[in-house]
Amino acid sequence: MDAFSPAQELLPFEKLADEARRLVEECYPQAVGALLGGSAAQGRATAGSDLDVAVLLPDGEAGGREVVRRDGRLAELFVHTVNDVSAAFERDRAQRRGTVLFLYAQGLPLLDPGGHVSHACERAREVLAAGPPPLAPEE
């Protein structure tokens with residue numbers, strides 16, 4: 001993501017949300033949910049900012065992480081199934097990094113007809129509130 005510079009013009013959320021929705025529709029038409037995170041969701045995105053997009057797929061689909069370029073903008077897609085997104089939260093917690101956790105906890109829904117994104121966002125906030133597991137003596 002870009003460092004914010006006051007001299008850079010901020011882009012409106014709706015423009016970025018529309019770009020992200022089109023990207024999800026193109027790459028994952030079977031998606032049951034999606035959200036936009038990072039600088040775009042926080043109102044700090046500029047022309048050079050990437051899009052951080054979480055995509056929820058139906059169970060049985062393959063998840064992963066993908067970086068694509070569309071219309072000159074990089075987008076990082078964090079793809080999980082409805083059932084495996086909680087496991088991704090727990091991995092982030094156990095590894096003491098919050099990439100996927102913060103994406104869901106602070107992101108803004110783009111697509112959520114079945115409420116899967118709302119549920120995942122709530123779960124991410126719960127995991128973050130619980131904090132990391134205690135350190136082992138060797139740590």
* Asked: Would Arg73 and Glu19 count as a salt bridge (Lys or Arg N to Asp or Glu O under 4.0 Å) if you check the C-alpha gap in whole Å, the side-chain angles of each, and the deciding distance to 0.1 Å?
  -> CA-CA 9 Å; Arg73 185 182 311 282; Glu19 285 181 35; 2.7 Å; yes
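The backbone N or O of Thr81 sits less than 3.5 Å from a side-chain atom of Asp84, completing a donor-acceptor pair. With hydrogens and angles ignored, the 3.5 Å screen pairs a side-chain donor or acceptor of Asp59 with a backbone N or O of Asn83.
Counting heavy atoms from C-beta outward, Leu35 and Val53 have side chains that stay 4.5 Å or more apart. The side-chain heavy atoms of Arg70 and Leu51, taken from C-beta on, include no pair separated by under 4.5 Å. Within the 4.5 Å cutoff, no side-chain heavy atoms of Asp52 are placed close to those of Leu36. Considering only heavy atoms from C-beta on, Leu56 comes within 4.5 Å of Val85 through its side chain. Thr99 has its side chain within reach of Arg65: a pair of non-hydrogen atoms, C-beta onward, lies under 4.5 Å apart.
No option in Glu25, Glu26, Gln30 other than Gln30 meets the side-chain contact (heavy atoms from CB on, under 4.5 Å) test with Tyr28.
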N/O donor to acceptor pairs below 3.5 angstrom from side-chain atoms of residues 115-124, sequence neighbours left out:
unit_1 : atom_1 : unit_2 : atom_2 : d
Ser118 : OG     : Asp112 : OD2    : 2.7
Arg123 : NH1    : Glu126 : OE1    : 3.3
Arg123 : NH2    : Glu90  : OE2    : 3.1

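Residue Leu16 holds its CG atom at 11.0 Å from CG of Leu108, rounded to the nearest 0.5 Å. Between the CG atom in Leu23 and the CG atom in Leu110 there is a gap of 10.0 Å [rounded to 0.5 Å]. In this structure, Leu101 CG and Gln106 CD are separated by 10.0 Å, a value rounded to the nearest 0.5 Å. Atom CZ of residue Arg22 and atom CG of residue Asp71 lie 6.5 Å apart, to the nearest 0.5 angstrom. Of the inter-residue distances, the one linking Arg44 atom CZ with Leu10 atom CG reads 9.5 Å to the nearest 0.5 angstrom. Summarising the geometry, atom CG belonging to Leu74 is positioned 11.0 Å from atom OG belonging to Ser49; distances are rounded to the nearest 0.5 Å.
Under a hydrophobic-cluster definition in which Ile, Leu, Val, Met, Phe, Trp and Tyr are linked whenever side-chain heavy atoms come within less than 4.5 Å, directly or via other members, Leu111 and Leu103 are assigned to different clusters. Linking ILVMFWY residues whenever their side-chain heavy atoms come closer than 4.5 Å, directly or via other members, places Phe78 and Leu128 in the same cluster. Cluster membership for Val100 and Val32, using ILVMFWY side-chain heavy atoms within less than 4.5 angstrom, is shared.
Ala41 and Gly107 get closest at one heavy-atom pair: CB-CA, 4.2 Å. Annotation for Pro133 and Arg93: closest pair CD-O, 3.3 Å, computed over non-hydrogen atoms.
Phe89 is linked by a ring pair (Phe, Tyr, Trp, His ring centres under 6.0 Å) to Tyr104, counting only residues two or more places apart in sequence or in another chain.
Listed by first then second residue, pairs satisfying salt bridge (charged side-chain N to carboxylate O under 4.0 Å, His left out) with a partner in residues 97-108 read Asp92-Arg97, not counting sequence neighbours.
Looking at Arg21 and Asp18, a side-chain N of the basic residue comes within less than 4.0 Å of a carboxylate O on the acidic one, giving a salt bridge.
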